[in-house]
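Report on the structure given below.
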2 protein chains.
Amino acid sequence: MTVLPSRNCIVRLSRYKNALHRFRTLGFIKVFSDTLAEEVGVTSSQVRKDFSLFGISGKKRGGYDLDELIEKLNNIFGKDRLEKVVVIGCGNIGRALINYKGFEREGIKITACFDIDPAKCKKEAAVPVLAMEDLCAYVNENGIKIGIIAVPDIAARQVMGSMVSAGIKGILNFAPLELKAPGGTVINNVNLGLELENLIYFVNSVSD
Amino acid sequence: MTVLPSRNCIVRLSRYKNALHRFRTLGFIKVFSDTLAEEVGVTSSQVRKDFSLFGISGKKRGGYDLDELIEKLNNIFGKDRLEKVVVIGCGNIGRALINYKGFEREGIKITACFDIDPAKCKKEAAVPVLAMEDLCAYVNENGIKIGIIAVPDIAARQVMGSMVSAGIKGILNFAPLELKAPGGTVINNVNLGLELENLIYFVNSVSD
DNA sequence: TAGATTGTTAATCGATTAACAATC
DNA sequence: TAGATTGTTAATCGATTAACAATC
């Protein structure tokens with residue numbers, strides 16, 4: 001693949017995929033760019049453009065075959081296999097993620113958690129909580145590529161370092177500071193305080 | 001205010017604010033657009049442009065006064081007062097948010113949680129868990145403008161309806177579906193599955 | 001066939017960046 | 001003054017949308 005699509009493009013692709021699943025449960029067997037666009041809230045040009053970027057084609061006048069389309073999108077996101085993910089930090093957010101049921105249907109499974117506090121470690125739990133020292137070995141033995149940072153801000157940068165040197169390639173960061181990725185690592189920041197602050201701004205500015 | 005700035009612009013403003021707080025703890029008393037830009041990872045043109053949109057000005061050759069700048073940014077985000085926020089859904093994510101310590105320093109306080117399950121209700125807790133029927137009265141009595149959806153996907157749309165009719169103006173949605181805001185309501189969606197899916201795509205495409 | 005839909009190119013739009021006059 | 005930095009305008013860039021030929 002020569003062109004790296006934008007993050008926005010990939011987010012739209014996820015949304016198309018989700019919308020297509022809904023269409024399938026409704027009994028559809030084909031779909032037009034128009035229908036899909038309306039469901040997701042974009043233009044039909046956008047849909048066709050995004051698809052063409054990935055070499056996905058339909059039939060002139062016949063639209064897209066639903067099963068085929070879902071299959072291709074699933075491939076793009078590696079949905080053919082289960083993705084194992086680790087969580088670093090067994091606090092409020094870490095535990096919520098471990099117990100969150102929504103990942104299963106996405107083919108994502110949190111298989112272990114890591115914490116510096118020995119008192120939190122529980123090797124025998126369904127999702128074991130292990131010591132930070134075990135991270136590197138675990139990542140290598142289990143082929144882990146994705147990890148989630150759920151530690152306080154002061155610890156986040158150091159934890160990122162440990163994850164990267166253990167071989168983790170993608171990081172979802174919940175600590176309230178923007179982590180920058182060293183080359184070859186992808187980081188998505190989810191900053192809850194910033195999201196609320198943003199909401200507060202727009203709520204107040206609309207009412208002005 | 002005539003121009004509604006883009007979401008990206010407001011996100012940058014938050015980041016400037018956070019960077020400026022760090023500068024202040026380091027003992028700085030003034031800052032140049034260049035310095036701030038580098039810290040946040042944007043261009044100095046961007047910084048000056050964003051400021052000018054909000055009528056924030058510095059001194060030619062003298063940069064920006066740090067205290068004054070922080071004061072103005074704090075005003076934009078309503079940091080002069082405590083923002084009370086409610087959470088709907090007392091499951092994994094809801095409880096994690098209630099116990100999350102990071103909001104305090106942002107001037108945000110979760111003051112109550114609401115759940116349909118009577119067994120989860122606890123009126124006497126530090127952050128009380130109340131029945132859904134009490135939402136409307138609580139919102140009105142406490143001047144709540146912001147609410148967080150932390151319920152399963154099937155319940156999310158209905159919960160949104162209850163929140164909007166109770167008078168909530170801004171919603172942070174953690175349920176894994178894109179909620180669209182009725183006019184006058186602002187919704188920010190945080191979709192954890194989508195974030196991970198996104199990460200999986202980029203991790204796999206970089207290694208190709 | 002006539003009509004509808006794709007795939008792609010060209011036009012538009014908005015956001016970012018560069019440049020530079022003003023000025024401290 | 002000479003040099004540095006702002007504030008703003010013009011240029012650039014990338015993403016989105018419109019348009020339409022190809023074709024089923």
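A, B, ... follow the sequence lines: proteins, then strands. Residue 1 opens every chain. Below, all heavy atoms of this structure are taken into account, side chains as well, without hydrogens, waters or symmetry copies.
For the 3.5 Å distance criterion, the side chains of Lys101(A) and Asn92(B) fail to qualify, holding no donor opposite an acceptor. Between the side chains of Ser52(A) and Arg48(A), no donor-acceptor pair of N or O atoms lies under 3.5 Å. Between the side chains of Tyr201(A) and Ser14(B), no donor-acceptor pair of N or O atoms lies under 3.5 Å. Under the 3.5 Å distance criterion, with hydrogens and angles disregarded, a donor-acceptor pair is assigned to the side chains of Lys145(A) and Asn204(B). Tyr138(A) and Thr111(A) share a donor-acceptor pair across their side chains, judged by distance under 3.5 Å alone.
dT6(D) atom C1' lies 14 Å from atom CG of Leu36(B), rounded to whole Å. Put simply, CZ on Phe32(B) is 12 Å from P on dG7(D), counting in whole angstrom units. Between the C1' atom of dG14(D) and the CG atom of Asn8(B) lies a distance of 13 Å, rounded to the nearest Å. Per the geometry, CG belonging to Leu53(A) stands 17 Å off P belonging to dT6(C), to the nearest Å. Distance, Ile56(A) CD1 to dT8(C) P: 13 Å, rounded to whole Å. Following rounding to the nearest Å, Tyr64(A) (OH) and dC24(D) (P) show an atom-to-atom distance of 14 Å. Counting to the nearest Å, the P atom of dG7(C) and the CZ atom of Phe54(A) are 15 Å from each other. The separation between Gln46(A) atom CD and dG14(D) atom C1' is 12 Å, rounded to whole Å.
Contact annotation for Ser44(A): no contact, since no heavy-atom pair falls under 4.0 Å across all strands. Counting non-hydrogen atoms under 4.0 angstrom, Phe51(B) reaches nothing in the nucleic acid. Backbone-only contact: Ser33(B) has heavy atoms under 4.0 Å from sugar-phosphate atoms and none from a base. Using a 4.0 Å heavy-atom cutoff across all strands shown, Arg12(B) reaches sugar-phosphate atoms only and no base atom.
A salt bridge does not link Asp65(A) with Lys30(A): every distance from a Lys NZ or Arg NE/NH1/NH2 to an Asp or Glu carboxylate oxygen is 4.0 Å or more.
Distance from the side chain of Arg61(B) is smallest for dA4(D) among the nucleotides dT6(C), dA4(D), dT8(C).
Across the interface with DNA chain D, nearest-nucleotide mapping of Val42(A) and Lys59(A) shows Val42(A) to be the residue nearer the 5′ end.
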Close N/O contacts between protein and nucleotides 18-22 of chain D (under 3.5 Å):
residue : atom : partner  : partner atom : Å
dA18(D) : N7   : Ser45(A) : OG           : 2.8
dA19(D) : N6   : Arg48(A) : NH2          : 3.3

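The pairing partner recorded for dG14(C) is dC13(D), the criterion being a Watson-Crick or G-U wobble arrangement whose two distances lie under 3.5 angstrom. Using N1 to N3 plus N6-O4 or O6-N4 for Watson-Crick, or N1-O2 and O6-N3 for G-U wobble, each under 3.5 Å, dC20(D) pairs with dG7(C).
Taking the six-membered ring where tryptophan is involved, the planes of Tyr16(A) and Phe51(A) are perpendicular, since the angle between them exceeds 60° and thus also 30°.
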